[in-house]
Every structure is written in C-alpha cells, then in structure tokens.
Amino acid sequence: MKKLFLIAFVLVCISGFSQTKITLNTDLAKTKINKHIYGHFAEHLGRCIYGGMYIGESNTKIPNTAGVRNDVIQALKELKVPNLRWPGGCFADAYQWKDGIGPKANRPKMVNVWWGGVTEDNSFGTHDFLDLCERIGAEPYLAGNVGSGSVKDLADWVSYVNQPTGSPMSDLRIQNGRKEPWNVKIWGVGNEAWGCGGNMTAEYYANIYRQYATFMKDITPESKLYKVASGASSDDFNWTETLMKNIPHSQMSALALHHYSVLSWVETKGPSVGFSESTYFKTMQEAWKMEEFVTKHSTIMDKYDPEKKIDLIVDEWGGWYDTDAEGKGALYQQNTMRDAMIAGLTLNIFNNHADRVRGANLAQIVNVLQAVILTNEEKMLLTPTFHVMKMYNVHQDATLVPMTIESPTYEFSGKKLTAVSSSASKDASGALNISITNIDYRKSHEITISLRGEDFSKVSGQILASSNISDHNTFEQPNKVSVKDFSGTKLEKGVLKLSIPAYSVLVLTLKK
Ligand code: AHR
C-alpha cells in the first residue's frame, strides 16, 4: 500500500512537472509592443539585393517593378514589414551613397570589400531602396557610413532624402526625378563600430557618434530623426555602459545590440539542414541567450536612463550556419523548423521586454542567413521563418499582457533549457493573442492557461509544425512546411487547455 502511494506520488510529481502553466493578467496590460520589433534587414551581401530582390529593370523573364521582383514585393506586403534596414551591416561603413544616385549608366562601379570582393554597379541605390519601402509600406532604416565616410557625406544624405527644397542636396534629388522628400526618420550612426565599422573602442566611438549626430539635422517636423547608436555584440556589457555614460541622451534615440544564434565564430557553424540533436540543442542555447543579453543590457540602460527614454534595438539577430555552396561570402543558407524555433522564441523574448526593446531586425530578408524568402532564378519560396513572423504579426502595436509561466525543461546530455516560451497581447479590437513556442526536440507539452481579468468564449489557432526538425521548403516543394489551423483547445471557466507538439509554434486568438 505504502509502495503504491509512493508510485502514485512520483507519477503526480512527474506529470505536474511536465505541465506548462501560464497565467495571463489581461486587466494589467499596459505596455505597447512596438511594431518595429518585427523589422527586417537587407544588406548588399551575396544574393540579398543583386540577383535576389533586385533583378534589374531590363529583366524580361521575371515580372518586376522598377527592377524589384513582384513576387518578393507581394510577399513583403503580406508580411507587413514595419521597417527595413539598409544597406548594411558591414557594407554600410564602406558605402558611398552618392555613387548610387543619378542615371544608372553613369554610376561608378564599386568593390564590395566585406562580402566576397564582388564588383557592384551601384544600380540599386537610395531611390531604388526608398521607393521599394514605399511600395511595401515599410519605414526605411538607413545605416550611415561612419567607418570610412565623412560627417559631411552623412549630413548630405540626410539633406538629400529629407529637405523639401532649397538646398544643393534637395535640388540634386529633384533633378534625379524625386520631387517630394521621403522623410526618412530612422538612421543608424554606423554599424558594429567595435568591428567591421572601424575597430573603435567604445570611448572613441562615443565621441565620433557625438560629432556625427550633431550634424544630422531634423529638417522638418515630419522627418524628426531617430538616431541609433551602433551597439554591443552579445555580452559586451562594457560597450553599452560606456555609450550610455558618454553620449548625451538628447543625441541618441536608441542603442543597438547584435546577437546571432551561432555555434562558433572560429570553427564550424554546422550545416543549415541535416544537423544532429546536439547541434540543435546548442543553437537553442544560443537563442535563449537573447533573454539574458536583453535583460542585462536593459539593466545597464536603466542605471543611466531610469525613465526608459532610450530604446534598445536588436538590429541584427537570427541563426547563422555554414554557408551553402554558393560562392564566396554569400551567406546563403536553408531555413528549417530549427529557424522557426529561433524566431518563435526570440520574438517572445522581445515582446516580453517591450518596455525597453522597441525595435529589432532579423538578418536578413532574402537569400542571406535566416531569410524569410529564398529565390532561385524565376522561383521563389517562403521559409518557415516567414510563417512565424507572419503568425506573430498580431502582436504589432498591440498591448503586452503580463504573464507568469512555469515551463518544463528540454533536456539533452545532462543539460537543460526551458522548453516552452510564450507572450501575449491584446489588440485594438479587444482580441487576445497568445504565441507559444515549444523548442523540445522530443516531447509535446500539455499547457494550461488561466485567463484572469476578462472572459473569452471563442478560440481559434494556427500552428507551424512538421515531422522532422530539419524540414524545410524547397523550390520543388515550396509548401512542405506551412501553417495549419489548430483546433486542439478546450476552453472552460476561464481556463484554456491544449497540447503543443514537439518543435512547433502556435498562435491562439481569443475573442469574447
Ligand atoms: O548580417 C551579416 C553581418 O553580420 C553584418 O554585415 C554585420 O553587421 C554582422 O557582423
């Protein structure tokens, strides 16, 4: 009898531990999830721009608008891209914007020193990028050249795109065919200044930043500049501390942070498909580090800016693997359910830190790193990451609902990670959206969600799941991994119950 009781007790404990318990306090929702957390990044790198989004005006094989593929434009509209960062990355600090304006036949060529030493003809420049942003309804985020440019060049770029009339730069823009200014607000003052942006110390960059920011002017009320200081890499907390201390807060709207889910910067990064569970686990460890980094960088910012006036912008994030065979420096990689896990988990982290994280940019948008779109000649496909970003769009500009979560762990080789992550928000119509990602490679998990503060009667859901973690879409099978309706929920007396499959992403919508 005693033995039976003991067995029953152990079973209850085990099943108790494997339950995910979420409590949502809908009545306490107050912080806005800034839509810019869902931003993207397009660099002159591999086939992101040339041969990816931009195939040239003279291409008669692939339907395009001003040289940009129509299928890509359509997909990006569908994705509701809030902002697009360009032209880099490392490339930004080598880019001479004045070489990318005016008649295309007259534009000088350049060598892309950061990415494969390839020669570019500057046919995709400022007008091409800003017109594309208008077409897809995204705010442009221009990354200025601080590493090899000049203060005057960057001040001129601001004037070229934002001055309505009456300056040499606005005259030049009008002469190049664009009458109205674009009113570009978001500006990066360099990129990775500690590395490819100039190998600067934090103190030196802080001074340089002050100088550049001084000459980047607010020209009209519609184009009040939002200046982003080049931020730390992963756990370089000293960088954040030094910039917060040395840059006048009136000169800085946001501070950046870059963190990639990469196995190693010096040894193999592992393949993008056909990886082992050990590799998968390590990628998830790197992805989970985002929680620690965002928390610690925010804490440092709180010390200097307790009112949270300066935003933290994670303007490069995503999975980085060994480049698939595609030529030098192209960073092309396939995108599997593992990438869907990185995206679901990372976006939950950003949403839950919405009080400080007010922007982010997934690296990168087409054919590079954790891309949402892959192209091959006339073919195009949407990756699992595209589907996650689109499913999570319900959170854009919605109000974060505070939650408590107790999750079981995903264990591998004696190491543990939190298996289930989640975030929730209320949208303008009053609907409650809950996103849940289960990174566990082996187990589904039972979830109980207690809804406090408001009553809901209807639930619908969408799920991204697949039978193998390495599953991905190919040009032959572009819909192998796709979003399905999810109906496995039970809602009773303010408690929602469901089971989430191993390595899957779920978004639930509750209405009254
Ligand atoms: O996204 C690829 C590169 O990663 C960017 O150019 C650079 O900023 C970072 O190191």
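Any value given below was found using the heavy atoms of this structure, including those in side chains, with hydrogens, waters and symmetry copies removed.
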State which residue, out of Y54, W115, W86, fulfils the ring pair (Phe, Tyr, Trp, His ring centres under 6.0 Å) condition with H44. W86
Flag if over 12 foreign heavy atoms under 6.0 Å of CZ, F215: no
Between Q396 and I33, is a side chain to side chain contact (heavy atoms under 4.5 Å, CB included) present by the stated rule, with each step listed? CA-CA 6 Å; Q396 287 196 20; I33 297 176; over 6 Å; no
Donor-acceptor pair, distance only, cut-off 3.5 Å: does the side chain of Q96 make one with the backbone of N145? no
Any side-chain heavy-atom pair from I342 and T283 closer than 4.5 angstrom? yes
Flag, side chain of D397 to backbone of K35, donor-acceptor distance under 3.5 Å: yes
Can you see whether E241 engages Y304 through a side-chain donor-acceptor pair at a distance of less than 3.5 angstrom? yes
Please test N473 against N479 for side chain to side chain contact (heavy atoms under 4.5 Å, CB included), starting from the C-alpha separation and ending with a verdict. CA-CA 6 Å; N473 292 332; N479 296 314; 5.6 Å; no
Given side chains that start at C-beta, do those of M244 and D305 come closer than 4.5 Å, heavy atoms only? yes
Could you tell me if Y209 and Q251 have a donor-acceptor pair between their side chains, going purely by distance under 3.5 Å? no
Closer than 3.5 angstrom, by distance alone: can the side chain of N122 be matched with the main-chain N or O of P108 as a donor-acceptor pair? yes
In the structure I gave you, are the side-chain heavy atoms of K98 and L172 within less than 4.5 Å of one another anywhere? no
Between Y204 and N199, does the side chain to side chain donor-acceptor pair (under 3.5 Å) criterion hold? Intermediate values first, please. CA-CA 10 Å; Y204 183 77; N199 278 307; over 6 Å; no
Hey, does E120 have a side-chain heavy atom less than 4.5 Å from the side chain of K109? no
Before we go on, tell me: are the rings of H36 and F350 under 6.0 Å apart, centre to centre? no
Looking just at side-chain N and O atoms, do D322 and S272 make a donor-acceptor pair shorter than 3.5 Å? no
Any chance you could measure N352, atom CG, to S422, atom OG, to the nearest 0.5 Å? 7.5 Å
If you measure only the distance, is there a donor-acceptor pair under 3.5 Å linking the side chains of N348 and S435? yes
Would you say the side chains of S230 and E192 form a donor-acceptor pair under 3.5 Å? no
Heavy-atom closest contact (H297 atom, S234 atom, distance): NE2-O, 2.8 Å
For the residue pair R85 / N191, report whether a side-chain donor-acceptor contact shorter than 3.5 Å exists. yes
Heavy atoms, side chains only, cut-off 4.5 Å: are R358 and L312 in contact? no
Kindly compute the distance separating CG (N335) from CG (L369), expressed to the nearest 0.5 Å. 10.5 Å
Pair Y321-D339, side-chain donor/acceptor within less than 3.5 Å: yes
Check ion pair E57-K104 (N to O, under 4.0 angstrom): yes
What closest approach, in Å, do A360 and N83 show between heavy atoms, and which atom pair accounts for it? O-ND2, 4.4 Å
Give me the atom names and distance for the closest heavy-atom approach of Y95 to P87. CD2-CG, 3.6 Å
Within 45° of the axis and under 6.0 Å from the centre of the six-membered ring of Y205, does NZ or CZ of R210 qualify? no
Is there a donor in the side chain of S233 and an acceptor in the side chain of H258, or the other way round, less than 3.5 Å apart? no
Chi angles and distances behind the salt bridge (Lys or Arg N to Asp or Glu O under 4.0 Å) call for R356, E307: CA-CA 10 Å; R356 181 66 86 175; E307 288 175 26; over 6 Å; no
Indicate yes or no for a side-chain donor-acceptor contact from W97 to the backbone of D153 under 3.5 Å, with no hydrogens or angles considered. yes
Rounded to the nearest 0.5 Å, the CD atom of E78 sits from the CG atom of N393 at a distance of 10.0 Å
Side chains of W182 and D131: any donor to acceptor distance under 3.5 Å? yes
Does atom NZ of K511 have more than 12 heavy-atom neighbours, drawn from other residues, nucleotides or ligands, at distances under 6.0 Å? no
What pair of heavy atoms forms the shortest contact from P164 to I219, and how long is it? CD-CG2, 4.1 Å
Between N367 and T375, is there a donor-acceptor pair closer than 3.5 Å when you use the side chain of the first and the backbone of the second? yes
Gap between atom CD of E43 and atom CG of N361 - 0.5 Å precision: 12.0 Å
Could you tell me whether the side chain of V228 reaches within less than 4.5 Å of the side chain of V189, counting heavy atoms only? no
Tell me yes or no: between the side chains of D71 and Q74, is some donor less than 3.5 Å from an acceptor? no
Sidechain-backbone polar pair: D93 side chain, G147 backbone, donor-acceptor under 3.5 Å: yes
To the nearest 0.5 Å, what is the distance between CD1 on I365 and CG on L84? 5.0 Å
For the pair R47 (side chain) and L374 (backbone), establish whether a donor and an acceptor sit closer than 3.5 Å, ignoring hydrogens and angles. no
Quick one about H353 and E291 (side-chain donor to acceptor, distance below 3.5 Å, no hydrogens or angles considered), yes or no? yes
Does some side-chain heavy atom of R178 sit less than 4.5 Å from a side-chain heavy atom of H127? yes
Taking atom types as modelled, find out whether D311 and Y226 have a side-chain donor-acceptor pair closer than 3.5 angstrom. yes
Between N59 (side chain) and G56 (backbone), is there a donor-acceptor pair under 3.5 Å? no
Quick one: do the T509 and N433 side chains pair a donor with an acceptor below 3.5 Å? yes
Quick one: pull up CZ in F91 and CD1 in I49 and give me the separation to the nearest 0.5 Å. 9.0 Å
Ignoring hydrogens and geometry beyond distance, is a side-chain donor-acceptor pair present between S223 and T220 at under 3.5 Å? yes
Flag the pair E292 and K289 as a salt bridge only when some basic side-chain nitrogen lies within less than 4.0 angstrom of an acidic carboxylate oxygen. no
Is a side-chain donor-acceptor pair under 3.5 Å present for T437 with S421? no
Verify side chain to side chain contact (heavy atoms under 4.5 Å, CB included) between T323 and Q333, making sure each step is shown before the conclusion. CA-CA 6 Å; T323 296; Q333 59 191 40; over 6 Å; no
Looking only at heavy atoms, what is the nearest atom pair of A340 and V505, with distance? O-CG2, 3.8 Å
Nearest heavy-atom approach of M389 to H40 is CE-NE2, 3.5 Å
R135 side chain vs V68 backbone, donor-acceptor pair below 3.5 Å: no
Would you indicate whether the side-chain heavy atoms of L132 and D128 approach each other to under 4.5 Å? no
When you measure from the side chain of R107 to the backbone of G102, do you find a donor-acceptor pair of N or O atoms at a distance under 3.5 Å? yes
When you look at Y38 and L347, which way does the side chain to side chain contact (heavy atoms under 4.5 Å, CB included) test go after all the steps? CA-CA 8 Å; Y38 292 82; L347 294 170; 3.7 Å; yes
